[in-house]
Amino acid sequence: MDDLPLSIDRDVPRPLSVQVADELRAAATAGRLRGGERLPSSRALAARLGVSRTVVTAAYDQLHAEGWISGRHGSGTYLTAAPASAPEPVAVNALSDTTDDLLDLAPGSPCVAAIDRAAWRRAWRAASDRMPSARKDRGGEPDYLAVIAEHLLRHRGLTPGTDSVVLATSGTSSAVGELAHAVLRPGDTVAVEDPGYLRAVGAFQAAGIDVLPIPLDDKGIRVDRIPADARVVYCTPAHQFPLGARMPAARRVELIDFARRTGALIIEDDYDGELRYDSAPLPLLASLDPDRVIHLGTTSKILSTTLGVGWLVASRAIADAVLAHRESTGTCPAPAGQLVFAELAGHGDLARHLRRLRREMPPRRALVVDTLRHHGLEVAGDHAGSHVLVPLESAAIEAAAIGHARDRGVRLDGLARHHADRPHTFGAPIGYATLPSAELRAAITIAAECLAAASSGRFSQSWQ
């Protein structure tokens, strides 16, 4: 890359970011760059070309959206072997998977710093001592399923019904995809929160399911806006993603009544339900009606994405349909993560870890909230999970804050990209679990300054 000729011309009307993307694309097409080659960081390439990092980052985002480059966690950005055949435009505030030196405040990542490394190693060693399996158990490892049943009872207050079945999954998005293929038919309608979790939306759409975005209020999904012919309602009632609201008891009852009246199913994505600090959690939807509710959980928010496992609780008929789908496709959750999680739980390390998280998260949240409010910003979201929300008035303000935070070394997320329909709600969901405490303090200070400046109009004109 150091010898690769790249040129930009400031005298032509084309934006510099477009020129940088064109030069890299042309180098790949001509064979001067080969699949698998590592690209320089945005900072290094910007210094070499004499442009701002924003220019290079925008070029990388466009190439990533087109399939020319990909990110490898902790390693860097690499040219892919073959670009996607149908490039799609990328939004200004889309988060790329490229790895750089930005301080990441995007939501959705766990607090891996709270993991007891000795307990983590012990669990992996104990799991590896088991004899290798000759056949797959498509429902999940028996020890794991027993641990999940106990975990749900102790930490979520869920006692599976007499006709309920617990299955292992490969995580929430994977479970949604399995349900879309096993339980629904192409053309069925699924009502989803908007803004909401777009990976679930993508899993539905990949199965040919019609996705209907439903607006939210401060109590969660608007039940009065869900059509009677919706086959499924997908929601995150414990801590709505990404707005952070908790669905109150009355709205939960309203949603259950809708499902009973219309025959719809409810998929309850309890992605971070264990992370509650101020009060006892409300009853799960699955506790209110185990026949109509499919409950999903994951280990990726309470421990690590390394395990790659979650769980599903549903009626026997739905569980049988999922198992039949797995049998016909030859798929099932990987056993390794299940065994490690079972070992952690069996020795009490999981319970100790959850207690540590509940001690660790409130001070982090308080730091973030205090800093944001000190800069005159509104903060929304329940006292739970690992992110809060700064509401913003417009897409322009959101884009300005994100762009200038990136210029100062901080990655911010924006609500615009979390809509399945035309964006109508704007803001910055801010995660506070991933960064070490010192870096979190520095990052949130920069983020607050950029959000406040953008909200006051100081950035809105320059960020175009």
Side-chain angles (χ1 to χ4, degrees), residues 71-75 97 99 103-133 137 140-156 166-175 239 270-277 296-312 332-365 384-387 431-440:
R72 301 178 189 172
H73 183 68
S75 178
D97 292 329
T99 300
L103 297 175
D104 196 352
L105 289 177
S109 297
C111 183
V112 294
I115 296 175
D116 182 336
R117 298 296 296 276
W120 180 254
R121 289 191 296 268
R122 184 167 58 246
W124 280 93
R125 284 196 299 268
S128 69
D129 285 340
R130 302 194 184 207
M131 285 294 295
S133 301
D137 191 330
E141 296 296 311
D143 289 353
Y144 175 74
L145 298 179
V147 160
I148 291 302
E150 177 69 15
H151 174 79
L152 290 172
L153 175 62
R154 293 183 58 189
H155 298 285
R156 301 301 291 126
V166 181
L167 298 180
T169 71
S170 297
T172 297
S173 301
S174 175
H239 190 224
D270 196 46
Y271 69 98
D272 68 353
E274 297 88 349
L275 303 182
R276 177 157 293 283
Y277 326 119
L296 303 181
T298 179
T299 63
S300 67
K301 300 298 182 289
I302 58 174
L303 274 166
S304 167
T305 57
T306 300
L307 299 181
V309 291
W311 54 88
L312 175 157
C332 70
Q338 300 177 53
L339 297 177
V340 172
F341 188 85
E343 292 292 342
L344 285 167
H347 291 88
D349 293 317
L350 176 63
R352 284 187 285 272
H353 172 72
L354 291 175
R355 288 196 293 270
R356 276 195 302 276
L357 278 182
R358 291 175 183 134
R359 292 193 301 267
E360 176 79 13
M361 290 293 101
R364 286 170 170 261
R365 186 182 190 280
S386 57
H387 77 274
Y432 50 81
T434 308
L435 291 176
S437 296
E439 293 185 358
L440 176 62

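Index from 1, following the sequence.
Under the side chain to side chain donor-acceptor pair (under 3.5 Å) rule, Glu274 has a single partner from Arg156, Lys301, His151, which is His151.
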>> Pair Ser109, Asp104 - check side chain to side chain contact (heavy atoms under 4.5 Å, CB included), show working.
In response: CA-CA 10 Å; Ser109 297; Asp104 196 352; 5.6 Å; no

>> For Thr299 and Trp311: C-alpha separation, side-chain torsions, deciding distance, then whether side chain to side chain contact (heavy atoms under 4.5 Å, CB included) applies.
In response: CA-CA 9 Å; Thr299 63; Trp311 54 88; 3.9 Å; yes

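The main-chain N or O of Leu435 is found under 3.5 Å from a side-chain atom of Arg364 such that the two form a donor-acceptor pair. Checked by atom type and distance alone, the side chain of Gln338 pairs as donor or acceptor with a backbone atom of Ala334 at under 3.5 Å. Checking side-chain atoms of Asp272 against main-chain N and O of Leu275 turns up no donor-acceptor pair under 3.5 Å. Within the 3.5 Å criterion, the main-chain N or O of His239 finds a donor-acceptor partner in the side chain of Tyr271.
Interatomic distance, CG of Leu307 versus CG of Leu344, reported as 7.0 Å (0.5 Å rounding). Separation of atoms CZ (Arg121) and CD1 (Ile115) is listed at 12.0 Å; rounding is to 0.5 Å.
For the pair Cys111 and Leu357, the tightest heavy-atom approach, listed with the atom from each and the gap, is CB-CD2, 3.9 Å. The two residues Ala114 and His353 come nearest to each other via the heavy atoms O-ND1, 3.6 Å. Closest non-hydrogen pair, Ala168 versus Tyr144, comes out as CB-CE2, 3.6 Å. The minimum heavy-atom distance between Leu350 and Ala345, with the atom names listed, is CB-CA, 3.8 Å. Arg358 and His155 make their closest contact through NH2-ND1, 3.8 Å (heavy atoms, listed as atom of the first residue, atom of the second, distance). For the residue pair Thr172 and Gly297, the shortest heavy atom distance occurs at OG1-O, 4.3 Å.
Between Arg130 and Glu343, at least one side-chain nitrogen of the basic residue sits less than 4.0 Å from a carboxylate oxygen of the acidic one, meeting the salt-bridge criterion.
Contact annotation: the side chain of Leu103 never approaches that of Leu440 to less than 4.5 Å [non-hydrogen atoms, C-beta and beyond]. By the 4.5 Å heavy-atom criterion applied to side chains, Ser304 and Trp120 are counted as neighbours. Inter-residue side-chain proximity for Thr306 and Val112 is flagged as unmet; no heavy-atom pair is nearer than 4.5 Å. Counting heavy atoms from C-beta on, the side chains of Asp116 and Arg352 never come closer than 4.5 Å. When side chains are defined from C-beta on, Ser386 does not count as touching Glu360, because their heavy atoms never get closer than 4.5 Å.
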